[in-house]
Engineer: 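I have a structure here, written as structure tokens, and I will follow up with some questions on it.
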Amino acid sequence: MTDAVVTRFAPSPTGFLHIGGARTALFNWLYARGRGGTFLLRIEDTDRARSTKEAIDAILDGLKWLELDWDGAPHFQHEGAERHREIAERLLAEGKAYKCFATPEELAAMREKARAEGRAPGYDGTWRDRDPSEAPAGVAPAIRFRAPREGETVIEDRVQGRVVFQNKDLDDLVLLRSDGSPTYMLSVVVDDHDMGITHVIRGDDHLTNAARQSQIYEALGWARPVFAHVPLIHGPDGAKLSKRHGALRIEAYRAMGYLPEALRNYLARLGWSHGDDEIISTEQLLEWFDLDGIGRSPARFDFKKLEHLNAHYIRESDDEALVQRIKDLLPEREDGAALLSEINDEGWEKLHRAMPGLKARAKTLVELIDNARFLFARRPLTLDPKAAKVLDETARKHLAALAERLKALETWDIEAIEAAVRDYADRAGLKLGKIAQPLRAALTGRTVSPPIFDVLAVLGREESLARIADQAG
RNA sequence: GCCCCCUUCGUCUAGUGGUCAGGACGCCAGGUUUUCAACCUGGAAACAGGGGUUCAAUUCCCCUAGGGGGUGCCA
């Protein structure tokens, strides 16, 4: 079991779970689950002031919706503060860290000066070798890491390859703040080590941190995990993904009617590939996903492609599951509650029966709901402009005549209905479309709908005839 | 400013020292069809630029440009 994989998703709860975080979580999940390993969740809340309960809930909900399950309870980083402090003290005792009495003002001035002189704006090491006895009174010190000043730190990254950093470019980072709280940089290293993380898969905005963390591992004598820094996802304009690009929280995708399996497929293909394969089930992803397939360049999010995949997965879903998803989704939609209250058991039954025709023509669940509205509409139907146009004088006359034929039907099933309508069209010397469109307009109020005979059958004899009568002339 | 990373159709990508540079989304045209989808067929569409190395570079090296990330007592 020494080679068992342990990955983690470690978001900081200072914002919501966005698409980039979701992909990082997915990659970690796939890598671990695909190899019988362990996938852990760690909330990086060492910045107490900026961490919120709402953000934590949003992250948990988002992962649950995406069906990315983690092992055990979520680990809250701040709860390990004691342990993290211990390690900082150990480093201090070993001379691998030191107390820094610089005040925020001094640090700001230092940065200002460095920039003016065109130097790296990092900490200049003022207290690195100064005796603590020279400390000014009343200033609580921060503990800084005594980073190597010469030589280089090399990261053998599974995605980025061999990345070399000159140690002179990396300054002495803070391990423990002056209030005694551990910083992220210390906590990640200690937690990843303590939790037995074997593979750190995260956004490449952490690449420089990997070098700093690497130095801490070195100082502690701990083995480093395998690093895999994945390029970030960009907005449609190529810039960093931000709120400006609209709905980006993961809940937003759910509300827009995307299926988690579609999002997983899409996200997996964004930055990772397996030859020419595009439609890849989660089972297949688990089997195929590997760090080697991750590309090195950033990708842009493309809704069109997501929609295409979503349409595919909607078509593949079974009818009952889709009904359930719609029941779950409706409360989240603005006008959903109203619609929900209008659908009784019979309505749900109709939706279920109409599902084969509906799911074949919807790119999202929201679109599907919209296309299903005619099922629950109350008579007389409101016609959209195009439908109203279809129902001209002639069309209405045909509807009246056709209604007589339909009334005479012994059984109200698709075969019988279709036979009757086709026969009527034949006798009237009309192409089927000439009678199908007016029927569609009268029954759904629109010019686009599932196949018309399905509509007749699902609506039932009584409702169908009544709707036709409403429009017949 | 400094450090690091990236660059194949509009987008996601495959790919190799010699390929008609492949697929997918989207787009256009046609087919099928009771509408719309789906589906089928066809089409337009890319190796950022410049130097090398080489018999031969999209592929290897260097430079430039462009993009991104980092540069906190944030994570």
Side-chain angles (χ1 to χ4, degrees), chain A residues 10-15 44-47 49-51 77 100 102-104 107-108 111 114-123 140-144 155 157 159-161 163-166 168-171 173-179 181 183-185 187-188 203-209 211 229 231-232 234 236 238-240 266 269-279 295-309 311-312 315 357 359-363 371 386 390 418 421-422 425 431-437 439-441 444 446-453:
Chain A
S12 66
T14 52
E44 312 240 297
D45 54 357
T46 49
D47 184 345
R50 295 201 305 152
S51 299
Q77 192 159 58
C100 169
T103 62
L107 292 172
R111 262 189 289 279
R115 191 158 50 170
E117 294 172 7
R119 289 180 292 109
Y123 179 68
I143 306 292
R144 278 185 190 270
I155 301 296
D157 195 272
V159 173
Q160 306 291 340
V163 185
V164 180
F165 292 88
Q166 296 306 313
K168 66 178 171 54
D169 295 325
L170 272 13
D171 65 353
L173 64 274
V174 169
L175 261 17
L176 233 47
R177 299 186 183 91
S178 49
D179 66 359
S181 66
T183 59
Y184 157 80
M185 212 63 79
S187 300
V188 213
D204 77 2
D205 47 338
H206 282 290
L207 192 54
T208 312
N209 290 339
H229 289 89
L232 302 178
H234 291 176
K240 189 181 182 181
Y266 178 73
R269 275 291 288 106
L270 196 61
W272 171 85
S273 62
H274 184 270
D276 281 341
D277 296 300
E278 295 287 350
I279 292 183
R296 275 160 297 275
S297 55
R300 301 184 192 198
F301 195 87
D302 179 13
F303 272 101
K304 290 287 194 201
K305 191 150 184 175
L306 206 211
E307 277 186 356
H308 175 258
L309 285 169
H312 168 82
R315 266 180 264 128
K359 73 181 181 185
R361 30 185 69 67
K363 288 196 282 291
N371 292 341
K386 285 182 189 165
V390 166
E418 179 162 357
V421 176
R422 282 188 187 278
K431 293 182 79 169
L432 186 53
K434 286 291 179 190
I435 191 68
Q437 278 306 79
L439 259 181
R440 194 184 315 278
T444 70
R446 298 184 182 184
T447 50
V448 174
S449 84
I452 196 61
F453 305 121

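So you know, we letter chains A, B, ... as the sequences are listed, proteins then strands, and number each from 1. What you see is a predicted model; the values in this text were computed from it and never measured.
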Engineer: Between atom OH in A:Tyr266 and atom C1' in B:G26, what is the gap in whole Å?
Structural biologist: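 It works out to 12 Å between those atoms.
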Engineer: Grab the NZ-P distance between A:Lys431 and B:U33 for me, whole Å please.
Structural biologist: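 About 10 Å, once rounded to whole Å.
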Engineer: Does A:Ile279 reach a base, just sugar-phosphate, or nothing at all? Heavy atoms under 4.0 Å.
Structural biologist: nothing
Engineer: If you draw a 6.0 Å radius around NZ in A:Lys359, do more than 12 non-hydrogen atoms from other residues or ligands fall strictly inside?
Structural biologist: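 More than 12 within 6.0 Å, yes.
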Engineer: As a test of reading the structure: which of B:U13, B:C4, B:A75 is closest to the side chain of A:Arg50, going by heavy atoms?
Structural biologist: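 Nearest to the side chain of A:Arg50 among the choices is B:A75.
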Engineer: Can you tell me, in whole Å, how much space there is between the P of B:C4 and that of B:G50?
Structural biologist: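 It works out to 26 Å between them.
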Engineer: Using only heavy-atom distances, decide whether a donor-acceptor pair under 3.5 angstrom links the side-chain of A:Asp205 to the base of B:A75.
Structural biologist: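 There is none.
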Engineer: So what does A:Asp277 touch, heavy atoms closer than 4.0 Å: a base, only the sugar-phosphate, or nothing?
Structural biologist: nothing
Engineer: Taking any heavy-atom pair under 4.0 Å as a contact, classify A:Val164: base, sugar-phosphate, or nothing.
Structural biologist: sugar-phosphate
Engineer: Please name the pair of heavy atoms, one in A:Leu173 and one in A:Leu175, separated by the smallest distance, quoted to 0.1 Å.
Structural biologist: CD2-CD1, 3.3 Å
Engineer: Whole Å only: how far is the CG atom of A:Asp302 from the P atom of B:G23?
Structural biologist: 19 Å
Engineer: With C1' as the reference atom in both, quote the distance from B:G26 to B:C20 in angstrom, rounded to an integer.
Structural biologist: 24 Å
Engineer: Between A:Glu278 (CD) and B:G23 (C1'), how many Å, whole number?
Structural biologist: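 Going from A:Glu278 (CD) to B:G23 (C1'), I get 7 Å.
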Engineer: Using Watson-Crick or G-U wobble geometry with both distances below 3.5 Å, tell me the partner of B:A48, or none.
Structural biologist: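 Matched B:A48 with B:U64 under the 3.5 Å cut-off.
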Engineer: Looking at the side chain of A:Phe165, which of B:C12, B:C3, B:A75 is the nearest nucleotide?
Structural biologist: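 Selected nucleotide: B:C3.
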Engineer: If we call it a pair only when both distances are under 3.5 Å in a Watson-Crick or G-U wobble match, what pairs with B:U11?
Structural biologist: B:A24
Engineer: Among the candidates B:A75, B:C4, B:G26, find the nucleotide nearest to the side-chain atoms of A:Ser12.
Structural biologist: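 Of B:A75, B:C4, B:G26, B:A75 is nearest to the side chain of A:Ser12.
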Engineer: What is the distance, to the nearest angstrom, from the CZ atom on A:Phe301 to the P atom on B:G26?
Structural biologist: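 To the nearest whole Å, that distance equals 15 Å.
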Engineer: Distance check, P atoms only: B:A21 and B:A46, in whole angstrom units.
Structural biologist: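 One P to the other, the span is 12 Å.
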Engineer: Map A:Arg422 and A:Arg177 onto RNA chain B by nearest heavy atom, then report which one ends up closer to the 5' terminus.
Structural biologist: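 It is A:Arg422, whose closest nucleotide lies nearer the 5' terminus.
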Engineer: Closest heavy-atom contact between A:Thr183 and A:Thr46?
Structural biologist: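 Looking at all heavy atoms of both residues, the shortest contact is C-OG1, 4.4 Å.
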Engineer: Look at the side chain of A:Ser273 and decide which nucleotide, out of B:C3, B:U13, B:A75, has an atom nearest to it.
Structural biologist: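 Given the options B:C3, B:U13, B:A75, the side chain of A:Ser273 is closest to B:U13.
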Engineer: Both distances below 3.5 Å, Watson-Crick or wobble geometry, any strand: find the nucleotide opposite B:C36.
Structural biologist: none
Engineer: Looking for any heavy atom pair under 4.0 Å, which part of the strands does A:Phe453 touch: base, sugar-phosphate only, or nothing?
Structural biologist: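 Touches a base.
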Engineer: Can you tell me how far the CZ atom of A:Arg296 sits from the CG atom of A:Asp157, to the nearest 0.5 Å?
Structural biologist: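 Here the interatomic distance stands at 10.0 Å.
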Engineer: I'd like the C1' distance from B:C47 over to B:U59, given in whole Å.
Structural biologist: 9 Å
Engineer: What string of B, S and - do you get for nucleotides 35-43 of chain B, 5' to 3', when a contact is any protein heavy atom under 4.0 Å?
Structural biologist: BBBS-----
Engineer: What is the nucleic acid contact for A:Arg144, judged by heavy atoms within less than 4.0 Å: base, sugar-phosphate only, or nothing?
Structural biologist: sugar-phosphate
Engineer: Under a 3.5 Å limit for both distances, which nucleotide forms a Watson-Crick or G-U wobble pair with B:G1, could you say?
Structural biologist: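 Because both required distances fall under 3.5 Å, B:G1 counts as paired with B:U71.
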Engineer: Contact class for A:Ser178 vs. all strands (heavy atom < 4.0 Å): base, sugar-phosphate, or nothing?
Structural biologist: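 Base, at least one base heavy atom under 4.0 Å.
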Engineer: Once you round it to whole Å, what is the distance between P of B:U34 and NZ of A:Lys386?
Structural biologist: 20 Å
Engineer: Would you please confirm or rule out a distance under 4.0 Å between OP1 or OP2 of B:C4 and any side-chain N or O of A:Thr208?
Structural biologist: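 Result: no.
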Engineer: When you compare B:U58 with B:G1, how far apart are their C1' atoms, in angstrom units rounded to a whole number?
Structural biologist: 34 Å
Engineer: What distance do A:Asn371 atom CG and A:Thr444 atom OG1 have between them, rounded to the nearest 0.5 Å?
Structural biologist: 9.5 Å
Engineer: Do the side chain of A:Asp204 and the base of B:G69 come within less than 3.5 angstrom through a donor-acceptor pair of N or O atoms?
Structural biologist: no
Engineer: For B:G18, give its Watson-Crick or G-U wobble partner with both distances under 3.5 Å, or none.
Structural biologist: B:C55
Engineer: Just the rounded figure in Å: distance from P of B:G15 to CG of A:Asp276.
Structural biologist: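 To the nearest whole Å, that distance equals 9 Å.
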Engineer: Taking B:U64 as the reference, what is the distance to B:C5 when you measure between their P atoms (whole Å, please)?
Structural biologist: 14 Å
Engineer: In terms of the nearest nucleotide of RNA chain B, which residue is placed more toward the 5' end: A:Leu170 or A:Leu270?
Structural biologist: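 The answer here is A:Leu170.
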Engineer: Using a heavy-atom cut-off of 4.0 Å across all strands, would you classify A:Gly271 as base, sugar-phosphate, or nothing?
Structural biologist: sugar-phosphate
Engineer: Work out how far the P atom of B:A29 is from that of B:A65, and round it to whole angstrom.
Structural biologist: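 It works out to 43 Å between them.
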Engineer: I'd like to know if A:Arg296 reaches the base of B:C6 with its side chain such that a donor and an acceptor end up less than 3.5 angstrom apart.
Structural biologist: no
Engineer: Side chain of A:Gln160: nearest nucleotide among B:G23, B:C6, B:A75?
Structural biologist: B:C6
Engineer: Under 4.0 Å, heavy atoms only, any strand: does A:His206 hit a base, just the sugar-phosphate, or nothing?
Structural biologist: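 Here A:His206 touches the bases of the nucleic acid.
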Engineer: Of all heavy-atom pairs between A:Leu107 and A:Arg144, which one has the smallest distance, and what is that distance?
Structural biologist: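 In terms of heavy atoms, the two residues are closest at CD2-NH2, 3.6 Å.
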Engineer: Does the side chain of A:Arg177 come under 3.5 Å of the side chain of A:Ser181 through a donor N or O and an acceptor N or O?
Structural biologist: yes
Engineer: With sugar-phosphate meaning primed atoms plus P, OP1 and OP2, does A:Arg300 contact a base, only sugar-phosphate, or nothing at under 4.0 Å between heavy atoms?
Structural biologist: sugar-phosphate
Engineer: Is there a donor-acceptor contact under 3.5 Å from the side chain of A:Gln160 to the main chain of A:His229?
Structural biologist: yes
Engineer: How close or far is atom C1' of B:C5 from atom CG of A:Leu207, stated in whole angstroms?
Structural biologist: 7 Å
Engineer: Mind listing the closest non-hydrogen atom pair of A:Arg440 and A:Pro450 along with its distance?
Structural biologist: NH1-O, 3.1 Å
Engineer: If I pick the P atom on B:C61 and the same atom on B:A44, what distance separates them, to the nearest angstrom?
Structural biologist: 34 Å
Engineer: How is A:Ser51 classified with respect to the nucleic acid when contacts are heavy atoms under 4.0 Å: base, sugar-phosphate, or nothing?
Structural biologist: nothing
Engineer: Quick one: closest heavy-atom pair of A:Phe165 and A:Leu207, and the distance?
Structural biologist: CZ-O, 3.9 Å
Engineer: On a heavy-atom basis, which atom in A:Arg315 and which in A:Ala360 lie closest, and how many Å separate them?
Structural biologist: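 Of all heavy-atom pairs spanning A:Arg315 and A:Ala360, the closest is CG-CA, 3.8 Å.
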